[in-house]
Amino acid sequence: MILLILNLVDKFDELNTLYTYKNNVWTIISGNDTIVGTAKNIDIAIPKKSDFSILLEVFTTEGCENSILKQVNYPIAEITFIANPLVACEGDPTHIVANPNSDWTYTWEPTEGLTFNGNDYSDPVFSLMHDQMYYVTVTDGLCYYYDSVQVLVKPYFDITIEGPDYVCTDSVTLSISGISPDDSISIVEWSTDEDFNTIIATGETVDLKLDSLENKFYARIKPGTGCSLNIAEKTVINASIDIDYQKEITYCYGNYTIIELTDNSQYGANVFVWDDNPIIVEGNNSNKILIYAEEDGEYNLVFMLQTNMVVS
């Protein structure tokens, strides 16, 4: 919290105006919080935020009023770590702070294993070969912020994406191998671009949507949580089958009739294989068959669709 001290100086008499002060209202808006005070001088504790506004409304006995609005933007001292606990990879210098500010004052305890940029203690680099806990105080000269971070030194490892290359659905389940079963810190991030501008999922096993025919996925260990040597990638083909046809067809016996099925599947050239049936005249391996029946009745025509990866 921040203690906000507000004072209203009444100069109505000094300015020799025609108006007489009656009362005033202070309104402080900080995020979703609104605080109201009616005294001339008030001390208000507001949530610790860097942006807030102050509205002062003054009323006179003559029925007049005036107001002034002041926007306040004050960067309050705080610290955000890249991760906590933070994983440092063996032998690699590792930054700790995600929001360094050279205008603030930082005090670290201990300083063992930390390298600073001259007198700037905002962005230390860790270089020890063993785990270490650090405590830090940050101040902007007005507010103080205290926190701690645990740095864990871990070895490097490789990761691999496990899962099918082809599926017949609009989603796929993929998982990561290579992470030690004892590793409870590493976080796996998934993306459809190798720069990871957009994270679409997190976790060692995920269900991912297939938006196109060929879908390429990338996986990495989130920076600061593990020591993967590589970014894994995998392409998954959406070979889902989409056939459009009439379930029931009525036609006159004694006549030749063509039945045609439409293949809307995205993947490859599918082959239709029909079960033997006496009314099928031709087209047993086609989406278009010619049928002929000499008498009335019900006939079940069964087909199987073959792709170059699956039979369905």
Side-chain angles (χ1 to χ4, degrees), residues 158-179 188-221 228 230-312:
D158 287 313
I159 58 172
T160 304
I161 299 178
E162 304 288 348
D165 296 324
Y166 303 87
V167 293
C168 289
T169 60
D170 291 331
S171 64
V172 63
T173 300
L174 299 178
S175 59
I176 286 291
S177 63
I179 301 176
V188 182
E189 295 182 326
W190 299 81
S191 182
T192 52
D193 67 271
E194 57 185 339
D195 295 325
F196 289 82
N197 294 316
T198 301
I199 305 300
I200 60 173
T202 59
E204 293 187 36
T205 300
V206 294
D207 292 322
L208 302 176
K209 184 180 179 181
L210 304 179
D211 294 321
S212 58
L213 174 60
E214 294 188 7
N215 303 266
K216 179 167 282 190
F217 299 106
Y218 299 89
R220 71 175 181 183
I221 301 300
S228 172
N230 66 309
I231 292 176
E233 64 178 75
K234 186 177 184 63
T235 299
V236 180
I237 302 296
N238 179 6
S240 57
I241 297 173
D242 181 12
I243 307 300
D244 185 19
Y245 63 97
Q246 291 181 261
K247 301 294 184 181
E248 294 185 2
I249 299 174
T250 300
Y251 75 101
C252 299
Y253 67 90
N255 293 309
Y256 289 95
T257 301
I258 294 176
I259 297 177
E260 185 173 3
L261 287 69
T262 302
D263 185 2
N264 297 318
S265 306
Q266 296 186 69
Y267 183 75
N270 298 310
V271 177
F272 291 80
V273 179
W274 296 84
D275 286 357
D276 290 336
N277 193 296
I279 71 169
I280 297 179
V281 178
E282 62 180 43
N284 290 67
N285 294 322
S286 170
N287 66 315
K288 183 186 295 186
I289 59 173
L290 180 66
I291 62 173
Y292 176 84
E294 293 184 348
E295 57 185 29
D296 62 349
E298 292 186 359
Y299 301 90
N300 293 320
L301 304 178
V302 180
F303 71 91
M304 179 171 61
L305 188 65
Q306 294 181 336
T307 72
N308 61 2
M309 50 82 46
V310 69
V311 177
S312 173

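Note: hydrogens, waters and symmetry copies are ignored here, and every other heavy atom, side chains too, is used. Just so we're clear, the structure is a prediction, and the values are computed from it rather than from any experiment.
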How long is the straight-line distance from [atom2] of [Y] back to [atom1] of [X], given to the nearest 0.5 Å?
| X | Y | atom1 | atom2 | answer |
| --- | --- | --- | --- | --- |
| I259 | F303 | CD1 | CZ | 11.0 Å |
| R220 | I231 | CZ | CD1 | 6.5 Å |
| D207 | L174 | CG | CG | 8.5 Å |
| W190 | T202 | CH2 | OG1 | 11.0 Å |
| T198 | E189 | OG1 | CD | 11.5 Å |
| F272 | D263 | CZ | CG | 4.5 Å |

Should we say atom [atom1] of [X] is surrounded by more than 12 heavy atoms from elsewhere, each under 6.0 Å from it?
| X | atom1 | value |
| --- | --- | --- |
| Y253 | OH | no |
| Y299 | OH | yes |
| D276 | CG | no |

If you apply the rule side chain to side chain contact (heavy atoms under 4.5 Å, CB included), what do you find for D165 with V236, and how did you get there?
CA-CA 5 Å; D165 296 324; V236 180; over 6 Å; no

Pair K216 + D193: basic N to acidic O under 4.0 Å:
no

If I compare all heavy atoms of [X] with all of [Y], which pair ends up nearest, and what's the gap?
| X | Y | answer |
| --- | --- | --- |
| I221 | S228 | CG1-CB, 3.3 Å |
| S171 | V167 | O-CG2, 3.9 Å |
| S177 | E162 | OG-OE2, 3.1 Å |
| I289 | L301 | CD1-CD1, 4.1 Å |
| V172 | P164 | CG2-CG, 3.7 Å |

Sidechain-backbone polar pair: [X] side chain, [Y] backbone, donor-acceptor under 3.5 Å:
| X | Y | value |
| --- | --- | --- |
| W274 | S286 | yes |
| N230 | D158 | no |
| N277 | I279 | yes |

Would you say the side chain of [Y] lies within less than 4.5 Å of the side chain of [X], judging by non-hydrogen atoms?
| X | Y | result |
| --- | --- | --- |
| T192 | Y218 | no |
| V188 | V206 | no |
| I291 | I249 | no |
| I161 | I176 | yes |

Check the pair Y245, N287 against side chain to side chain contact (heavy atoms under 4.5 Å, CB included), reporting the backbone distance first and the verdict last.
CA-CA 10 Å; Y245 63 97; N287 66 315; over 6 Å; no

